[in-house]
Structure formats: C-alpha cells, structure tokens
Number of protein chains: 2
Amino acid sequence: MPITLLVAVPLSQRAAAMTEQPTIIIVDDDAEVREALSSLVRSVGLQTKALASVPEFLNEGRPDGPTCLVLDVRLPGQSGLDFQRELSAANIHVPIIFMTGHGDIPMTVQAMKGGALEFLTKPFRDQDLLDSIQLGLARDRAWLENEKAVAALRARFETLTPREREVMALVVTGRPNKQIAHDIGISEITVKVHRGQVMRKMKASSLPTLARMADKLNLAVQ
Amino acid sequence: MPITLLVAVPLSQRAAAMTEQPTIIIVDDDAEVREALSSLVRSVGLQTKALASVPEFLNEGRPDGPTCLVLDVRLPGQSGLDFQRELSAANIHVPIIFMTGHGDIPMTVQAMKGGALEFLTKPFRDQDLLDSIQLGLARDRAWLENEKAVAALRARFETLTPREREVMALVVTGRPNKQIAHDIGISEITVKVHRGQVMRKMKASSLPTLARMADKLNLAVQ
DNA sequence: GCACTGTCTAAACCAAAGTATAATCGCCTG
DNA sequence: CAGGCGATTATACTTTGGTTTAGACAGTGC
C-alpha cells in the first residue's frame, strides 16, 4: 500500500494575536480622498493607514491584527484587481473592499469572483463603507482565529518523526493497530509506541479528536 | 451535563441521482433571445428548458440531475435578484448565471454576494456563456453528490433511537464508555450495547469514521 | 391480553488499546 | 568515540472496547 502524506502548507504569514488593534488600510491615489476616508474611519475609533499606491502596502508590512483593505480599483501602476490576484496567488488573505468612480460590470464581476467583500461606486454613503469594514474585520478575525489554531496544530505535527506521521495517518483512518503494523511492515507493539507518542505530541485527548486534527491538517493517506 | 442534539435539516429536495442528464434552464421574457440561447446550449449537447418567467420554474418542477439557471435580471414581475433571494431563503441550491442588457454595479454586487456564478452583460460571447454553464454544472454535480451522501447519513441517523443518538453524540467526542455511563446515569455495559448498535446502524467501520459522520451531520453536544 | 419496541442490566468472555521497562541497532554530531 | 535520537522489539500487565446470551420492565398498538 503506497502511503503519502499531504500536509497543507498555507503560506500565509498573517497568523497573529487576536489582541492586536484592527487596522484599516486605505489605498487611493487622490490625497484628498485618502484623507477624507481615513478621517471617516478614524471617527469610529479604528486605526488607519493611508497609502497612495500598492507597493507601499507590501513595504509597510502587514499589520498583525484584524485588517481590511479599502482599495480604489484604478490605481497608478498596478490596478486594484491585479493586486487582488497577486495577494491571492501569494496566499495572503485580506478582506478587500473596492471603490470605483468609473467601474464597469465585468470589473465588478472579476473582483467579486476573486473574493472581494464589497464593490462600492463613488459617491457612496459613509455608512455603507463603515458597515462593510465592520463585516470585513469580523471575517478577518474569524479567519485569523482559525489560522492560529491550524498553525498551532501544524507546529505540533512538525514535531512528529517520519514514522510517527506515517502511523498517525493510518490511525486516523480508523485502522486497528494490527493492520497498521502489517501495512508498514513493523510489529504491532511498535505501532502502539508510535501511536502513544503521536497522542502526546499532538495533545490529542482521544481518537476522534486526533482524527479531527488530521482533517484540519488535510492529512491524507492515498 | 445538559445534552442537546443538533441535526442540520437541509430542506433541499434536490438530492438526486447522478445519472440524470444535465438541464439548463433559460429564463428570458424575450422569446427570440430565449430561442437563440436555447439553441446555442443545445448545440453543445445539453438539454434545455426555456421559460418566459420565474413562476414557471417552480411550476415546471425542478430537474433531478445537475442543473444551471440562466436568468435575465430584469424579468416580468419578480426580478432575477428577488428570485435568487427567494431560492436562497427556501434553501434551494442552483447555480445561477445572470444576464443583463442594462445592469448596474450595485445590482451586480448583490447578485455575486448572493452566490451568482456569473453576471454577463449583453451582448456577450457565446463561449463565455457556455464556459460558465460548464462550470455551473460541475459545481452542481459536486453539490448534489455531497447532498446525496449527507442524505444517506441522515437517513441512517434517523433509524437511531433517542438513547442511541444521545450515546452517539457523546461517543464522537471521544469520551470513554465509563464516563458516558456516568454522564447520562446508566451502566457502562448499557453504553456498550447502544454504542454497538450505533456503529451497526450508521454503518461506521471505525470510531474516526463515526466521528466524521457526526461532523457531517452537525451533530453536537452542548 | 399479546406482541413489539425501547431501555436497562448482568455474566462471561475475547479482542484491542495503552503503559512501563528494558534492550538492540544505526546514524549523526560534538 | 561517546551520547543522543529514531526506530524497533519483547515481556508483562492493566484498562477499554465490544459481543453474546439472557433476563426484566414499561409503554404502545392491535
């Protein structure tokens, strides 16, 4: 039986503490608009970072706390949609709210398909933007929380030796020790030893718990 | 310990055989457009049903096989977006492709947020529609397959007696028999009997398998 | 009343899981 | 080369899990 271990490696570096303050990043090439939006967002008690272009975002570094991007689709250099694609390709997950003065439907469709939270046409009501921002932050908080949990799991999984990983992959399918031993050609007692180690290292209190951890890690036997 | 069983009841009646032929439902009030689209879709070997209005859809009854809706957003009576909301509220899951001659961005955003697959502006290229339809069918097939599996699980779960469900809910948390017995105030051996029954009735070959079934059923102990 | 279902329990086992101790072997590193 | 780690195994036990057989009791429906 050929056994392969598949572990999802979610390249995101955004797994961060939940205690951090939320940050709203506003990107618009028009300084006046930037300032107005920034002021609006600050008026509801949220921390903002106003930028004129996209490269600044990557240079500035990403905040650790819950984040929401407010982007003009038409930006100098790279368009907002290109940037969205780029973030997506780099596996960087941030809720994006697009704004546009002269957008069209295909552009809107592309943005929404790409996972945009909202696509506002200027002029829009302040409250619409603020509502979207709150929704974006809520989603990002949930996402960060999940990401944090998965990262913790992965860290534990990485402390497993190759053999332990192999045994774990089979254990979570529900195969009995005897069968696992036969599958990988070792004795049953050795399987038990590895299995015990896996439970301890993964901090799993029960078999169903371990199975759910494996599922979250996309651990699979093929 | 207060124990509650939560079972998701997915009101959809669309769990059907995978062997059914796909059907594309085209709704447009313009008979010429309807015929042209219908002909286009049939030209690639797909079965179509052309309708002039939305109520017809519900009267006609829904096809059992993979389905994709092609809707003009502006329809006589109820708008396409209203209809989308209605389907969603009724928990009827069908991929929807919208078409429009005079749409705007807010309308597009609403449709996409509502889960629309595509939002095409007339005139569009035939191939764009056909591509979207194929994508819609693929998604619907996957959805139907999953729905079918969950329905089968639910059917088995419903053969369980109240006590068996209670025991199952605790078993899948990983609690040992002795604790479960204490939790619900019966003897350990009775728990074992119920547990065995649960495994047989649910056709679960192992504990992790049973746990995954419970997860799919949204079975929870609170 | 009678059959039936659901629930509960016990005795008697057998199989599987889990733990502790101890020992062997290969490999790599300081 | 000594020490550590990973992997392997054995012995010896304890604890759980799981099945079978058999009996008891309450409530439902015919």
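Below, chains carry the letters A, B, ... as their sequence lines are ordered, and counting in each starts from 1.
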(message) For nucleotides 23-30 of chain C, give me one character per nucleotide, 5' to 3': B if any protein heavy atom sits under 4.0 Å from the base, S if the only such contacts are to the sugar-phosphate, - if neither.
(response) --------
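Between B/K201 atom NZ and C/dT5 atom P the separation is 11 Å, expressed in whole Å. The nearest whole Å value for the distance from the CD atom in A/Q179 to the P atom in C/dA16 is 9 Å. One atom, NZ of A/K178, and another, P of C/dA15, lie 8 Å apart when rounded to the nearest Å.
Residues forming a side chain to side chain contact (heavy atoms under 4.5 Å, CB included) with B/T190 (at least two apart in sequence, or on another chain): B/I186, B/S187, B/H194. Listed by chain and number, the residues in a side chain to side chain contact (heavy atoms under 4.5 Å, CB included) with A/R139 are A/L117, A/L135 (sequence neighbours excluded). A/K178 meets the side chain to side chain contact (heavy atoms under 4.5 Å, CB included) test with A/E188; sequence neighbours excluded. Every residue meeting the salt bridge (Lys or Arg N to Asp or Glu O under 4.0 Å) condition with A/R163, not counting sequence neighbours, appears here in chain and number order: A/E166. Annotation: side chain to side chain contact (heavy atoms under 4.5 Å, CB included) contacts of B/S88 (sequence neighbours excluded): none. For A/Q84, there are no side chain to side chain donor-acceptor pair (under 3.5 Å) partners two or more places apart in sequence or in a different chain. Scanning for salt bridge (Lys or Arg N to Asp or Glu O under 4.0 Å) contacts around B/D128 gives B/R125, with sequence neighbours left out. B/R85 meets the salt bridge (Lys or Arg N to Asp or Glu O under 4.0 Å) test with B/D82; sequence neighbours excluded. In this structure B/D215 satisfies the salt bridge (Lys or Arg N to Asp or Glu O under 4.0 Å) test together with A/R212, sequence neighbours excluded.
Phosphate proximity of D/dG18 to B/R200: absent, as no side-chain N or O sits under 4.0 Å from OP1 or OP2. Note on A/N177: every side-chain N or O is 4.0 Å or more away from OP1 and OP2 of C/dA16. Listed pair B/T161 / C/dT7 meets the phosphate criterion, a side-chain N or O lying under 4.0 Å from OP1 or OP2.
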Could you write out each protein N or O paired with an N or O of nucleotides 8-14 of chain D at a distance under 3.5 Å?
residue: D/dT8; atom: OP1; partner: A/R163; partner atom: NE; Å: 2.8
residue: D/dT8; atom: OP1; partner: A/R163; partner atom: NH2; Å: 2.5
residue: D/dT8; atom: OP2; partner: A/R163; partner atom: NE; Å: 2.9
residue: D/dT8; atom: OP2; partner: A/H194; partner atom: NE2; Å: 2.9
residue: D/dT9; atom: OP2; partner: A/S187; partner atom: N; Å: 2.6
residue: D/dT9; atom: OP2; partner: A/S187; partner atom: OG; Å: 3.4
residue: D/dT9; atom: OP2; partner: A/T190; partner atom: OG1; Å: 3.0

(message) Under the criterion side-chain contact (heavy atoms from CB on, under 4.5 Å), I'd like the reasoning laid out for A/L81 against A/F83: C-alpha separation, chi angles, the key distance, then a yes or no.
(response) CA-CA 5 Å; A/L81 294 179; A/F83 184 51; over 6 Å; no
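Rounded to 10°, the helix from C/dG1-D/dC30 to C/dG30-D/dC1 has 30° between the axis fitted to its first five pairs and the one fitted to its last five.
The side chain of A/R195 lies closest to C/dG18, out of C/dA16, D/dG18, C/dG18.
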